[in-house]
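Right, one structure below, let's go through it.
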Amino acid sequence: MIIITKSVEETIRAGEELGHKLKQNDTVLLYGEMGAGKTHFVKGIALGLGISANVTSPTFAIVNDYENLFFHFDLFRINTLDDLYAIGFYDYIGRGIIVCEWSENIPDLEREFENFYKVEIKKISENEREINVNSRA
């Protein structure tokens, strides 16, 4: 499914729509350049899950845990599956919903999951985004 958004608010709403569909233990892999709107999309996912916390990018923490239900990873500085092991990533699988920003940094990441949502966000202009959401089951 391809969605075109024309504002930050619309990008958040697109994420919220996906959030409504997510089930326990689902994984969302996000792809997109710096400034594409990945974190805004994640804010929407949290809203769709009923999480009211202020969602921020876990750039330095690597993972933000929201209500022990939703785990938001930033893989910007992670480059290999071994790095994932080192940060304890695999300890989160099966504990809740996992969302990973910068999934493109780990070429083999998709092979780690049988089922996942792949979300590619492209910056069209200052305010417009093309969001391509695919379910891989």
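Here the structure is a predicted model, which is why all the values come from computation and not from measurement.
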Listed pairs under 3.5 Å, donor-acceptor, residues 62-71 side chains, sequence neighbours left out:
| residue | atom | partner | partner atom | Å |
| --- | --- | --- | --- | --- |
| Asn64 | ND2 | Thr56 | O | 3.0 |
| Asn64 | ND2 | Tyr66 | OH | 3.3 |
| Asp65 | OD1 | Asn68 | N | 2.8 |
| Tyr66 | OH | Thr56 | N | 3.1 |
| Asn68 | OD1 | Arg95 | NH2 | 2.9 |

Nearest 0.5 Å please: distance from the OG1 atom of Thr27 over to the CD1 atom of Ile98. 5.0 Å
For residues 117-132, which residue pairs pass the salt bridge (Lys or Arg N to Asp or Glu O under 4.0 Å) check, not counting sequence neighbours? Lys6-Glu128, Glu110-Lys118
Spell out, as yes or no, whether a donor-acceptor pair under 3.5 Å connects the side chain of Asp83 to the backbone of Asn79. yes
Would you tell me whether Asn127 and Ser7 have side-chain atoms, one donor and one acceptor, within less than 3.5 Å of each other? no
Decide yes or no on side-chain contact (heavy atoms from CB on, under 4.5 Å) for Ile97 and Asn25, but give the supporting numbers first. CA-CA 5 Å; Ile97 294 165; Asn25 301 327; over 6 Å; no
Between the side chain of Glu104 and the main-chain N/O of Gly32, is any donor-acceptor distance below 3.5 Å? yes
Quick one: do Leu109 and Val28 end up in the same hydrophobic cluster if we chain Ile, Leu, Val, Met, Phe, Trp and Tyr together by side-chain heavy atoms under 4.5 Å apart? no
For residues 16-38, which residue pairs pass the ring-ring contact (aromatic ring centres under 6.0 Å, His included) check, not counting sequence neighbours? none
Do Glu9 and His40 get their side chains close enough for a donor-acceptor pair, meaning under 3.5 Å? no
Using a 3.5 Å distance criterion without hydrogens, assess whether the side chain of Arg136 forms a donor-acceptor pair with backbone atoms of Phe113. no
Quick one: CH2 on Trp102 to CE on Met34, what's the gap to the nearest 0.5 Å? 4.5 Å
